[in-house]
Structure formats: structure tokens, C-alpha cells
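Following: one structure in C-alpha cells, then a few remarks.
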Amino acid sequence: MARTVLNHADISRALTRIAHEILESNRGATDLVILGIPTRGTVLARRIAELIQRIEPSAPVQLAGSLDVTMYRDDLSRSGIRMPSPTELPPGGIDGRTVVLVDDVLYSGRTIRSAFDALSDLGRARAVRLAVLVDRGHREFPIRADFVGKNLPSAASERINVRLTEVDGGDDHVTIEGGAE
Amino acid sequence: MRHLLSTRGLARDEAIALLDIAEDMAAVQHREVKKLPTLRGKTVVNLFFEDSTRTRISFEAAAKRLSADVINFSAKGSSVSKGESLKDTAQTLQAMGADGVVIRHPASGAPYTLATSGWIDAGVVNAGDGTHEHPTQALLDAFTMRSRLHGAASRGKGLDGVRVVIVGDILHSRVARSNVWLLSTLGAEVTLVAPPTLVPVDTAGWPASVAFDLDEALATKPDVVMMLRIQAERMHGSFFPNSREYARTWGLDDARFSQLPTTTMVMHPGPMNRGLEISALAADSAQSTVREQVANGVSVRMAALYLLLSGERGELR
């Protein structure tokens, strides 16, 4: 049975807090780039960028972009063929800027590891931070998120589903299902 | 996708998926670091039994930009000139651990034999076989048409309703065959124009119409005019009286070119015979996509190699 762990309001509050935290740690929105990892990370990055622009009207108009990591994954020959998504950078690229990577769920950390490789081919960021909506544990790499929507300790056998209006239709929600029987 | 042997068997969604991946590959060509680590550790063999420069270097660039190791094999000066069979060559490649084989061969069907005979496990890409098919050329032509028509909004789109006129030696052209199948799968309307001697005997099963008068075909204001190369090496059968007559009747000369709408794309798979099938004015105009076709060729071939060589290679291993 799927159990809802975050509803629409919870997600919106978490993203608002993350937006504030990003601005606080970056001391404003100068030289900030928010890059989402497709598919749902891109949507979250766009929402966080909108929130930042609401909080700091002086922030650049184009703050958000997307970073596709498909071609950099370490499991390409172990799974079926994956379709890549476009990478779109805000004007000016990432050189000398602070990049905040955004993903929906942080699990093994392998996606983020591939994101580091993808980023280094695009330029040299001043610093790279990580924001995730859900951190479910079970890391396989020394990677930790700087901004976390919700820590959700889970069993490896459980599934975490993030559903966002822009991608999936319906209301935003995060559910957890399955688990050890 | 296990092999890419022809466009005839390619489904519409498969073709569009490949073109969409090529869009992402094209984006890589504009970056400072034009390389992806995707096929690291894989070996791609370019097996060329026929002379080719542009297709071979295009495949070589594509494989290298995906970080694969590339081995070039050309029949000239190799063991083939000493009489080695395709089977023995294939088994040598198998023993060397080739993951992908890009093959060009003068015999129609050689790539099919290589892919289905069980001699090798590698994925096979047909880079032109006899007068049969040249699928990556058709894919790069479709990609070029799509990006000229839709620009950044190309993803997911076919070529529905696009009217394409293909002119020249249809009889010997694998480029024409691959384009006929692919373009019609993508929804385009294809008209073939050629001297009657250079049209295959039976085109009844082809999803294309055949015409013999170039001026009539151009008067319909097509969206794309694709000129094929007159291949001097295949012109031993007196298909037309002489090259000047061919140029006058079936060549895209300055007069015919100036009658075309400025939105009509002029395509040529290269290498061009300027003054024979295409005039310099047409070839160098803004409507000409010749150089885009070359650049897009690398992106499309990267997409094909990605589809063939990434992912589980399946049951065979």
C-alpha cells in the first residue's frame, strides 16, 4: 500500500525553505545557477528559481536550467537503453558561478556522481551544492545534500514515488510503498 | 536496437527517438569539451571494403566523441586483397573484441550477412552496401530537414506533409532507397525524378511516385530538392548520351535554381559534381544544406552508435 509522506502543501513549504537556505548560504542571488536533473529535478529547479526571484527581485531572470547526466552514468551497460534529455544552461554558463544541483530523490548518490562529470565538461563552477526534495539514505558514494526537503529513512525494498503536477498531472505528492514483508 | 541495417524496417517512433538523441549529440558539438564518456572501453571497427572518406571519418569522429576506441580497416592493402573471406575477417574482429562494426561493402546485403550469420556478437551498422541502403545518410538527411523546418522545436516531430523531390541516379543509389523508406515512414511525400534508364525496373512497392521531367517536378514548389551524385564509376552502361546532356535535362542549373522558392532546401549527399548534377550557385547558396549535412552526420552517427552499443547487449553475452 502506498502511503503519502508529503502532500502539496508540504512540498511547497519545503521548496520555499530550500530557496531561503540557498539565498542565505550564497549571500544573495549573484552568480547563482540552479540546475535540475531531468525529469523531475528540472521541474523542482524551475520552482526554486521562481521562489528565489520572488524573495530577491534583483535576482537574474534566467536562473534555472537542466543538466542531463544520462551519457555520464556508470550503469549504462547494465540496464536498458536510456533516452537522454536536453541540457540547458542559463546564459553565461557555469564558469565561476555557484551551481546548485536539484534532484527529487537522493538515494545511492550515483546520479549526482555522474552529474559532477557532466558539469566538469561544461565549465568550471566556483562551487557546487546539492538540493534534494527527499533524502532516503543508502548512499554508495561519499555524497551529502546541502539542502534537504525531507529526510525519509527507508528500507531498500521500499519505493519512493515523487509526483509533480508539471510532469505527472494531478496534485503534487510523495508516496512510499512496498517494504519488507 | 541491435543493428542498424536499413531504414526499411525502422518504425516511426524508433526513427524519431534516434533523431531526438541526435539533437542532444548535436548540442555536444557546440561545447568546449566535445566529448562524452558514454562508450568508454568499447571498440568500434570501421570495416570499409569500398573507398570512402567522408562516411568513414564521420563515423570515426562519432565514435571518438563518445570515447570509444576506433580501429580503421580498409580492404585495400589488407588481408582481403590476399583473398580473405568476409567470414574470416569477421571472426578476426570477433577475436579482437569488437563491440560495434561499421561496414561498407560493394555487395548489397553484406551487412545483413555479417549481422545474422552468427560470426560475431557485435552490433552492425550499415554504412552503405552495394545499391541497397545507406541508413545513416537518410537519417542525417531527415535530421537536416527537421532542423531547418522546426529549429529548436524539432524534438518529437516527424516530417509530415514535407514534399521531397529526389533527382538523379535512382537505379544505383542506396541513398535514394534509404531516403524513400525513412522519409515516407516520417510522413513526407517523396517524388523520384530521373532519366527512365536510371529508374529501377519495379518501383511499384516503393512509397514514392516517379517522374521523368525535372521542370515539372520543380514547378510544384517542393520543400526539399535532393540532388544525387552521378557516380562515374557506375556509368558504364550508356544510361544517358553524355554528361552535358544530363546536366541540361536533369541537373539543378542556375536557371532551375532561380525558379525555386527561397524556402526550398537544396540537399546533396556529397561529394558533388559541380556543373553536372548541381550548379555552383545552387551548391553555395543559403538554401544549400550541404555543409549542415556533414555536421549533422556526426551527431546522427553518435546517436546510432549510442543506441547500438549502450545498454545491455542482451542474451548473446
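Chain naming here is simple, since letters A, B, ... match the order of the sequence lines and numbering starts at 1 in each. Just so it is clear, the values below take in all heavy atoms, side chains as well, and ignore hydrogens, waters and symmetry mates.
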Other residues, nucleotides and ligands only: do more than 12 of their heavy atoms fall within 6.0 Å of CD on B/Glu32? no
Which region of B/Ala27, side chain (C-beta onward) or backbone (N, CA, C, O), has a non-hydrogen atom less than 4.5 Å from a non-hydrogen atom of chain A, or is it both or neither? neither
For A/Ser85, which atoms come within 4.5 Å of any heavy atom of chain B: side chain, backbone, both, or neither? backbone
Can you confirm whether more than 12 heavy atoms, excluding those of A/Arg17, are under 6.0 Å from its CZ atom? yes
Any side-chain heavy atom of A/Pro86 within less than 4.5 Å of one from B/Arg155? yes
Hey, could you give me the CZ/OG distance between A/Arg82 and B/Ser310, rounded to the nearest 0.5 Å? 9.5 Å
Considering only heavy atoms from C-beta outward, does the side chain of A/Asp68 approach that of B/Asp24 to under 4.5 Å? no
With rounding to the nearest 0.5 angstrom, report the CE to CD1 distance, A/Met83 to B/Ile21. 4.0 Å
Let me confirm one number: the CD1-CG distance from A/Ile81 to B/Leu308, rounded to the nearest 0.5 Å. 7.5 Å
side-chain contact (heavy atoms from CB on, under 4.5 Å), that's the test. Do A/Leu76 and B/Tyr306 meet it? Break it down for me. CA-CA 10 Å; A/Leu76 279 174; B/Tyr306 172 71; 3.9 Å; yes
Closest non-hydrogen contact found for B/Arg31 with A/Leu122 is CD-CD2, 3.4 Å
Counting heavy atoms not belonging to A/Lys150, are there more than 12 under 6.0 Å from its NZ? no
For a salt bridge (Lys or Arg N to Asp or Glu O under 4.0 Å) check, start with the C-alpha distance between A/Asp121 and B/Lys35, then their side-chain angles and the critical distance, and finish with the verdict. CA-CA 8 Å; A/Asp121 278 0; B/Lys35 210 169 167 85; over 6 Å; no
A/Arg159 atom CZ, neighbour heavy-atom count above 12 within 6.0 Å: no
What heavy-atom pair brings B/Leu66 and A/Met71 nearest, and what distance separates the two atoms? CD2-CE, 4.2 Å
Rounded distance (nearest 0.5 Å) linking atom CG of A/Asp74 with atom CZ of B/Arg40: 9.5 Å
Is there side-chain contact between B/Lys42 and A/Ser77, with at least one heavy-atom pair below 4.5 Å? yes
